[in-house]
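What you see is a predicted model, and the numbers here were worked out from it, not measured in a lab.
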Amino acid sequence: MAIDVKNLNYYYGDFPALKNLTFSVTTGGFFIIIGPNGSGKTTLMKVMAGILKSQFDQLKILDRPMDQYSRKALARTIAFVPQMIPVDFPFTVTEIVLMGRSPYLGMLGIEQEKDLKIATQALAFTDVEHLAHRKLNQLSGGEQQRVFVAKAICQEPEIILLDEPTASLDLAHQVRLMDLMEKLKHERGITVVMVSHDVNLAAMYGDRLLLLNKGEMVRLGSPKEVLTFQTLEHVYGCTLLVDENPLGKTPRVTPVPGKYMT
Ligand code: ADP
Ligand code: MG
């Protein structure tokens with residue numbers, strides 16, 4: 001298993017943000033976490049990325065307990081693309097993407113030709129090559145998001161975690177990013193774990209979906225098992241139409257205007 005979570009709880013002070021979660025992410029899978037605002041998706045991603053320490057040691061990465069990883073070993077294993085990109089980050093796109101190589105560099109931290117080649121390839125993958133010499137704060141939200149995806153790819157991880165990576169992307173870049181993750185999964189065997197606010201993208205690309213609500217696991221399964229209108233209406237509190245996507249056999253979810261429970 002790429003990730004094993006067992007009876008995981010996470011508290012902010014007294015507030016239980018994650019309640020007794022148990023699930024596994026299969027190696028080489030495309031695992032997508034969905035749920036309403038505030039359901040704990042980002043908290044869960046940060047726990048899996050090792051940024052937030054869970055109070056109890058209930059997390060295994062590639063069958064080893066999280067606390068057995070050094071920082072460097074963890075950075076070679078997991079790359080995390082955060083939901084919130086740091087605003088004041090005075091670096092160029094190339095500098096940021098090259099930071100992805102730091103867990104591989106020697107004592108002096110000097111990049112070799114190979115590192116530069118991997119960085120250039122990552123820039124091309126996410127369509128930000130033309131921005132290579134620009135500063136991050138001169139880019140649009142969508143461009144910044146793609147730069148951080150490039151950094152994660154440059155890190156050559158075994159597991160990539162992405163928190164709402166398509167949120168500020170236009171339609172073409174949304175599909176490109178999802179296809180890129182699919183390609184990394186197929187060609188390099190990378191495990192992809194993503195938070196998505198877009199249930200239709202989740203249905204098309206995810207092989208397993210985890211639906212969270214108020215820190216609890218509501219459903220875990222294939223898109224067909226998770227995306228039923230009974231479950232979704234209850235969790236999201238609005239009337240939804242769920243039918244079949246004409247492009248394939250995945251569910252398609254359409255919100256019905258003007259019908260929500262307050
Ligand atoms: P999501 O990503 O699903 O929108 P989050 O994981 O960001 O949800 O937040 C889950 C819950 O935890 C929310 O109720 C949020 O207000 C709360 N929360 C998030 N971060 C903090 C924090 N640093 N301190 C206290 N509460 C927090
Ligand atoms: Mg979030």
Side-chain angles (χ1 to χ4, degrees), residues 1-12 16-33 40-86 89 91 95-112 114-115 118-119 122 147-165 181 184-185 187-195 207-208 210 212 215 217 220:
M1 287 295 166
I3 302 178
D4 265 304
V5 172
K6 208 167 172 206
N7 305 120
L8 175 83
N9 293 283
Y10 190 84
Y11 288 85
Y12 292 110
L18 299 175
K19 299 178 202 166
N20 204 30
L21 301 184
T22 299
F23 64 89
S24 304
V25 177
T26 318
T27 305
F30 201 140
F31 190 91
I32 304 189
I33 302 163
K41 304 181 299 294
T42 294
T43 305
L44 177 58
M45 289 298 256
K46 286 182 178 167
V47 171
M48 292 191 291
I51 294 168
L52 295 176
K53 303 267 176 260
S54 60
Q55 280 88 343
F56 314 100
D57 179 45
Q58 287 138 345
L59 185 60
K60 281 188 185 158
I61 305 296
L62 297 172
D63 302 316
R64 273 174 62 197
M66 174 70 114
D67 60 2
Q68 286 184 10
Y69 283 85
S70 67
R71 273 179 72 115
K72 216 169 183 175
L74 193 65
R76 288 190 198 131
T77 309
I78 292 189
F80 175 50
V81 181
Q83 180 173 15
M84 298 287 185
I85 306 283
F89 211 51
F91 297 101
E95 285 166 340
I96 291 166
V97 173
L98 272 172
M99 284 173 200
R101 298 307 300 162
S102 62
Y104 298 95
L105 303 182
M107 293 276 278
L108 297 175
I110 298 169
E111 293 98 5
Q112 310 292 320
K114 175 173 174 253
D115 300 301
I118 293 169
V147 170
F148 279 84
V149 173
K151 172 175 177 266
I153 292 170
C154 196
Q155 212 171 313
E156 296 192 308
E158 291 181 58
I159 302 167
I160 184 163
L161 307 175
L162 307 105
D163 194 351
E164 301 205 12
M181 290 305 133
L184 290 176
K185 185 188 113 158
E187 291 180 2
R188 300 191 191 173
I190 289 181
T191 305
V192 182
V193 182
M194 181 183 286
V195 168
D207 42 42
R208 275 178 94 65
L210 166 64
L212 286 182
M217 190 165 104
L220 173 67

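Looking at heavy atoms from C-beta onward, D163 lies out of side-chain contact with V81 at the 4.5 angstrom threshold. The side-chain heavy atoms of L212 and L21, taken from C-beta on, include a pair separated by under 4.5 Å. Looking at heavy atoms from C-beta onward, F31 lies out of side-chain contact with V192 at the 4.5 angstrom threshold. Within the 4.5 Å cutoff, the side chain of L105 has no heavy atoms near those of the I110 side chain. Considering only heavy atoms from C-beta on, P157 stays 4.5 Å or farther from R76 through its side chain. Using a 4.5 Å heavy-atom cutoff, the side chains of Y69 and L62 are in contact. Considering only heavy atoms from C-beta on, L52 comes within 4.5 Å of Y12 through its side chain. At a threshold of 4.5 Å between non-hydrogen side-chain atoms, the residues K151 and V147 do not count as touching.
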Assess the residue pair F148 and F89 against the criterion (side chain to side chain contact (heavy atoms under 4.5 Å, CB included)); give the C-alpha distance rounded to whole Å, side-chain angles, the decisive distance to 0.1 Å, and a yes or no.
CA-CA 12 Å; F148 279 84; F89 211 51; 3.9 Å; yes
Does the side chain to side chain contact (heavy atoms under 4.5 Å, CB included) test come out yes or no for M45 and V193, once each step is laid out?
CA-CA 9 Å; M45 289 298 256; V193 182; 4.1 Å; yes
I'd like to know whether D4 forms a side chain to side chain contact (heavy atoms under 4.5 Å, CB included) with L59, so could you lay out the CA-CA distance, the side-chain angles of the two residues, the decisive distance to 0.1 Å, and finally the verdict.
CA-CA 6 Å; D4 265 304; L59 185 60; over 6 Å; no
Going through the distances and angles, do V195 and L162 end up as a side chain to side chain contact (heavy atoms under 4.5 Å, CB included)?
CA-CA 6 Å; V195 168; L162 307 105; over 6 Å; no
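Rounding to the nearest 0.5 angstrom, the gap separating the CG atom in L210 from the NZ atom in K41 is 10.5 Å. Distance CZ/F23 to CG/L220: 8.0 Å, rounded to 0.5 Å. The distance from the CD1 atom of I33 to the CE atom of M217 is 11.5 Å, given to the nearest 0.5 Å. Between N9 atom CG and Q58 atom CD the span is 6.5 Å, to the nearest 0.5 Å. One finds the CG atom of N20 at 8.5 Å from the CG atom of L8 (value rounded to the nearest 0.5 Å). Rounded to the nearest 0.5 angstrom, K53 NZ and D67 CG are separated by 9.0 Å.
Under the 6.0 Å distance and 45° angle rule, R208 does not count as a cation-pi partner of F30.
Side chain to side chain, E158 and T77 fail the donor-acceptor criterion of an N or O pair below 3.5 Å.
In this structure, R71 contributes its side chain and A75 its backbone to no donor-acceptor pair below 3.5 Å. At distances below 3.5 Å, at least one donor-acceptor pair connects side-chain atoms of T191 with backbone N or O atoms of G28. In this structure a side-chain-to-backbone donor-acceptor pair under 3.5 Å is present from T27 to A2. Between the side chain of T22 and the backbone N or O of N7 there is at least one donor-acceptor pair closer than 3.5 Å. Distance alone, capped at 3.5 Å, places no donor-acceptor pair between the T26 side chain and the G29 backbone. Within the 3.5 Å criterion, the main-chain N or O of Q155 finds a donor-acceptor partner in the side chain of Y104.
Of all heavy-atom pairs spanning R64 and Q68, the tightest one is NH2-O, 3.0 Å. For M48 against L161, the heavy-atom pair with the smallest separation is C-CD1, 3.9 Å. Of all heavy-atom pairs between A119 and C154, the closest is CA-SG, 3.6 Å. Closest of all the heavy-atom pairs between A150 and V97 is CB-CG2, 3.9 Å. Nearest heavy-atom pair across S70 and A73 is OG-N, 3.0 Å. Taking every heavy atom of both residues into account, I160 and A152 meet most closely at CD1-CB, 3.7 Å.
R101 is linked by a salt bridge (Lys or Arg N to Asp or Glu O under 4.0 Å) to D115, E156, counting only residues two or more places apart in sequence or in another chain. Residues that satisfy the salt bridge (Lys or Arg N to Asp or Glu O under 4.0 Å) test with K19, not counting sequence neighbours, are E216. The salt bridge (Lys or Arg N to Asp or Glu O under 4.0 Å) test applied to K185 returns D207, not counting sequence neighbours.
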